[in-house]
Amino acid sequence: MMRRTDPTVWGQADNGPFTDTEVAAYVVKGFHIEPGLLTPAQVQACWTEFERLANDSEVEASGAIIREHGSDAVRSIFAVHRHSPVIDALARTPRILDRARQILGSEVYIHQSRINAMPGMVGTGFGWHSDFETWHAEDGLPAPRTVSLSIALTDNFAFNGGLMLMPGAHRVFVPCVGQTPDDNFRESLQKQKVGVPSDDAVTELGLEYGIEQFTGPAGHALFFDSNSMHASSNNITPYSRANVFLVFNSVENAPAAPYGAAAPRPAHIADRDTTPLTPIHNSEFA
Ligand code: 6CS
Ligand code: FE
């Protein structure tokens with residue numbers, strides 16, 4: 001395992017909506033929970049888009065819909081910021097966009113967006129992993145200058161797959177054993193086997209840093225560093241755990257050639273258009 005040499009917060013702490021205290025805590029933990037980021041009506045606007053995209057044949061044809069293994073239940077829909085003007089406006093909402101800029105210290109664009117549905121009874125989780133390990137090895141992001149925003153679209157409970165994180169473990173980079181198989185994403189987005197830390201590494205980090213969990217009503221949000229060690233368990237309850245994820249990357253951290261894989265992943269998983277996001281001030285999310 002390697003100590004992180006890159007900053008966690010790349011911008012000026014006082015240059016954005018996060019308070020100094022919130023920025024300091026984000027540096028230490030690698031994540032920040034923002035209660036009530038969206039109102040119920042704003043959550044409903046996102047949910048309506050999810051249901052529309054899940055039934056859109058063009059979205060299906062693009063390969064953006066990933067289904068649960070052995071089921072036709074939707075697990076994830078990728079590139080939702082591309083397919084939905086509503087989610088695009090969400091990403092460009094100043095109170096969200098400026099938080100991403102504050103952490104990353106630059107203009108930003110969306111590297112990846114998705115809605116993870118984790119439906120009741122059949123939704124399977126995500127084993128412990130660092131997103132940056134994948135985005136570095138398979139998408140070519142040079143540095144962990146990337147922040148993910150997860151907004152709960154349904155109530156996230158401890159028992160229905162609420163996202164777990166190891167506070168502070170973002171400061172350790174865990175190289176993963178083995179070569180990246182060609183087209184790894186065809187399996188990894190359903191069940192990631194390659195590019196995940198060993199059980200020994202997870203055990204060592206878990207005992208050292210502990211585990212906290214993002215739970216809360218629909219509308220609550222989590223900002224987390226791309227190298228946070230996180231996971232979510234299977235959902236064996238009737239309550240779906242659906243979240244929209246927006247991954248903001250610094251325009252200074254544009255994808256290079258993948259550091260592990262033989263070829264870059266498709267644009268709906270790793271967007272290579274680094275045009276800075278321009279704000280939309282008067283959307284329903286203002
Ligand atoms: O491969 C990826 O980009 C996706 N995989 C996981 C488990 N989290 C980040 C991202 O959605
Ligand atoms: Fe992840």
Side-chain angles (χ1 to χ4, degrees), residues 1-10 26-31 66 76 78 103-105 111-112 114 116 124-148 150 163-212 214 222-233 245 247-250 252-266 269-272 274:
M1 297 193 222
M2 296 178 245
R3 286 272 154 224
R4 180 189 187 118
T5 51
D6 292 291
T8 298
V9 171
W10 301 69
Y26 184 88
V27 169
V28 170
K29 295 175 70 170
F31 61 88
I66 307 296
S76 304
F78 281 83
I103 289 172
L104 302 180
H111 168 67
Q112 176 183 106
R114 64 197 185 273
N116 283 348
T124 57
F126 298 81
W128 289 100
H129 66 282
S130 153
D131 293 342
F132 175 67
E133 195 284 336
T134 299
W135 296 340
H136 183 69
E138 300 186 48
D139 299 339
L141 296 194
R145 191 172 182 178
T146 321
V147 57
S148 290
S150 170
L163 195 141
M164 298 178 284
L165 308 105
M166 296 180 184
H170 67 293
R171 294 195 299 270
V172 176
F173 181 73
V174 183
C176 298
V177 174
Q179 292 300 313
T180 308
D182 290 350
D183 288 352
N184 186 37
F185 67 92
R186 296 193 190 285
E187 284 79 41
S188 70
L189 299 181
Q190 252 187 357
K191 180 148 187 58
Q192 191 177 4
K193 295 190 185 78
V194 176
V196 291
S198 66
D199 286 355
D200 287 349
V202 172
T203 301
E204 187 179 330
L205 290 173
L207 294 177
E208 180 174 353
Y209 293 99
I211 295 174
E212 292 185 21
F214 169 52
L222 169 78
F223 290 83
F224 61 108
D225 180 84
S226 59
N227 192 45
S228 296
M229 189 56 70
H230 63 289
S232 51
S233 55
F245 289 79
V247 179
F248 295 92
N249 188 35
S250 168
E252 313 295 331
N253 194 39
Y259 290 79
R265 299 196 295 176
I269 301 172
D271 207 312
R272 303 181 87 83
T274 61

Item to check | 4.5 Å side-chain heavy-atom contact, H230 and M164 | outcome: no
Next on the checklist: Do E212 and F31 have side chains that approach each other closer than 4.5 Å (heavy atoms only, starting at C-beta)?
Outcome noted: yes
Checklist entry - How close do G30 and S228 get, heavy atom to heavy atom, and via which atoms? => result O-OG, 3.3 Å
Checklist entry - With a 4.5 Å heavy-atom cut-off, do R4 and D225 have their side chains touching? => result yes
Next on the checklist: Show me the pairs that pass salt bridge (Lys or Arg N to Asp or Glu O under 4.0 Å) and involve residues 180-199, at least two apart or across chains.
Outcome noted: D183-R186
Checklist entry - According to the interplanar angle, ranging from 0 to 90°, do the rings of H111 and W135 count as parallel (below 30°), tilted (30 to 60°) or perpendicular (above 60°)? => result perpendicular
Next on the checklist: Go through it in stages, so that I can follow the logic: the residues are V172 and E208, the test is side chain to side chain contact (heavy atoms under 4.5 Å, CB included), and I'd like the CA-CA distance, side-chain angles, deciding distance and then a yes or no.
Outcome noted: CA-CA 11 Å; V172 176; E208 180 174 353; 6.0 Å; no
Item to check | Listed partners of P255 passing side chain to side chain contact (heavy atoms under 4.5 Å, CB included), at least two apart | outcome: Y109, L141, R272, T274
Item to check | Qualifying residues under side chain to side chain contact (heavy atoms under 4.5 Å, CB included), relative to A201, sequence neighbours excluded | outcome: M1, V174, P197, S198
Checklist entry - Heavy atoms, side chains only, cut-off 4.5 Å: are L189 and I269 in contact? => result yes
Checklist entry - Between E133 and V196, is a side chain to side chain contact (heavy atoms under 4.5 Å, CB included) present by the stated rule, with each step listed? => result CA-CA 8 Å; E133 195 284 336; V196 291; over 6 Å; no
Checklist outcome for this item: residues 173-203 vs ring pair (Phe, Tyr, Trp, His ring centres under 6.0 Å), sequence neighbours excluded, gives F132-F173
Item to check | Rounded distance (nearest 0.5 Å) linking atom CG of L207 with atom OH of Y209 | outcome: 12.0 Å
Checklist outcome for this item: In short, G195 meets C176 closest at the heavy-atom pair C-SG, 3.5 Å
Item to check | Partner set under side-chain hydrogen bond (donor to acceptor under 3.5 Å, both in side chains) for D271, not counting sequence neighbours | outcome: H81, R82
Next on the checklist: Quick check: do I103 and R145 have side-chain heavy atoms less than 4.5 Å from each other?
Outcome noted: no
Next on the checklist: Ignoring hydrogens, what is the shortest heavy-atom contact between G210 and P167? Give both atom names and the distance.
Outcome noted: O-CD, 3.5 Å
Checklist entry - Quick check: are there more than 12 heavy atoms from other residues, nucleotides or ligands sitting under 6.0 Å from CD of Q179? => result no
Next on the checklist: Within the structure provided, determine whether Q190 and I66 are in side-chain contact (heavy-atom separation under 4.5 Å).
Outcome noted: yes
Next on the checklist: Once side chain to side chain contact (heavy atoms under 4.5 Å, CB included) is applied, do any residues pair with S150, and if so which ones, sequence neighbours excluded?
Outcome noted: F214, L222, F224, N243, F245
Item to check | Side chains of S226 and D131, donor plus acceptor under 3.5 Å | outcome: no
Item to check | For A231 against W128, the heavy-atom pair lying closest together | outcome: CB-CD2, 3.3 Å
Checklist entry - In terms of side-chain geometry, is the basic nitrogen of D6 or R171 positioned less than 4.0 Å from the acidic oxygen of its partner? => result no
Checklist entry - Do you know the tightest heavy-atom contact between N253 and A143? => result ND2-O, 2.7 Å
Item to check | Side chain proximity check, M229 to H170, heavy atoms < 4.5 angstrom | outcome: no
Item to check | Donor on one side chain, acceptor on other, Q192 and T134, under 3.5 Å | outcome: yes
Checklist entry - Do the non-hydrogen side-chain atoms of L104 and V147 ever get within less than 4.5 Å of each other? => result yes
